[in-house]
Amino acid sequence: MEKVVLLEDSGLLPTLLPVIMRNKDTLQLTDGQLDAFRGWRKANYTNVVNTMNEILVKKVQFRVEALSPSVSGDHLLALQVEIQELQQNLLKLKLSCRELVMSTFTEEQWENFAFVVADNPKLASLLPQASAIDHEHVH
């Protein structure tokens, strides 16, 4: 999990899943929610980590090859497309986790979650922003 946290520089889900699971009692997760979150993790965790690692490898490869006079611009463009496809695949995985959380959390669980992340400045600072966005979309 440390790898995911270290590699993750945008989009908090599924990095939030461990936070949610560690605080399952405070969040009052149902057995159905626990099963669903464990199922998502079992089905997707390895793929998330492998995709992140592959993106990192390709980005390093791109930087190295970009400095080589023997590498064509077309090759670099193709490599960039590969990186973008991997990033899109990763985002799809993250969005599936987001959808799972969004579709299962109750209003009370969201309030409890705000309490849980209050000690984490990075996460806590996002909640008011998310709330403001929700209010804009409602009105």
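To the nearest 0.5 Å, atoms CG (D35) and NZ (K42) are separated by 11.5 Å. With values rounded to the nearest 0.5 angstrom, N89 atom CG is found 12.5 Å from N50 atom CG. With values rounded to the nearest 0.5 angstrom, L34 atom CG is found 6.0 Å from K24 atom NZ. To the nearest 0.5 Å, atom CD of residue Q109 and atom OG1 of residue T106 are 3.5 Å apart. The CG atom of L86 lies 10.5 Å from the NZ atom of K59; values are rounded to the nearest 0.5 Å. In this structure, CZ in R63 is found 11.0 Å from CG in L79, a value given to the nearest 0.5 Å.
Among residue pairs with one or both ends in residues 83-106, those qualifying as ring pair (Phe, Tyr, Trp, His ring centres under 6.0 Å) are F105-W110; sequence neighbours excluded.
When all heavy atoms of N47 and T51 are compared, the pair lying nearest together is O-OG1, 2.7 Å. Annotation for L27 and I20: closest pair CD1-O, 3.6 Å, computed over non-hydrogen atoms. Counting all heavy atoms, side chain and backbone alike, S96 lies closest to W40 at OG-NE1, 2.8 Å.
Here the side chains of L77 and D74 are in contact, with some heavy-atom distance below 4.5 Å. Side-chain contact between F113 and N23: absent, with no pair of heavy atoms (C-beta onward) separated by less than 4.5 Å. At a threshold of 4.5 Å between non-hydrogen side-chain atoms, the residues L100 and Q33 do not count as touching.
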Given L17 and Y45, is the side-chain contact (heavy atoms from CB on, under 4.5 Å) satisfied, shown in steps? CA-CA 10 Å; L17 203 49; Y45 178 76; over 6 Å; no

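A search for salt bridge (charged side-chain N to carboxylate O under 4.0 Å, His left out) contacts involving E82 returns K58, not counting sequence neighbours. Partners of V71 under the side-chain contact (heavy atoms from CB on, under 4.5 Å) rule, at least two apart in sequence or in another chain, are E65, S68, H75, L76.
No chain of hydrophobic side-chain contacts below 4.5 Å, direct or via other Ile, Leu, Val, Met, Phe, Trp or Tyr residues, connects V57 to F62.
Remark: side-chain polar atoms of Q87 are not paired, donor with acceptor, to backbone N or O of I55 under 3.5 angstrom.
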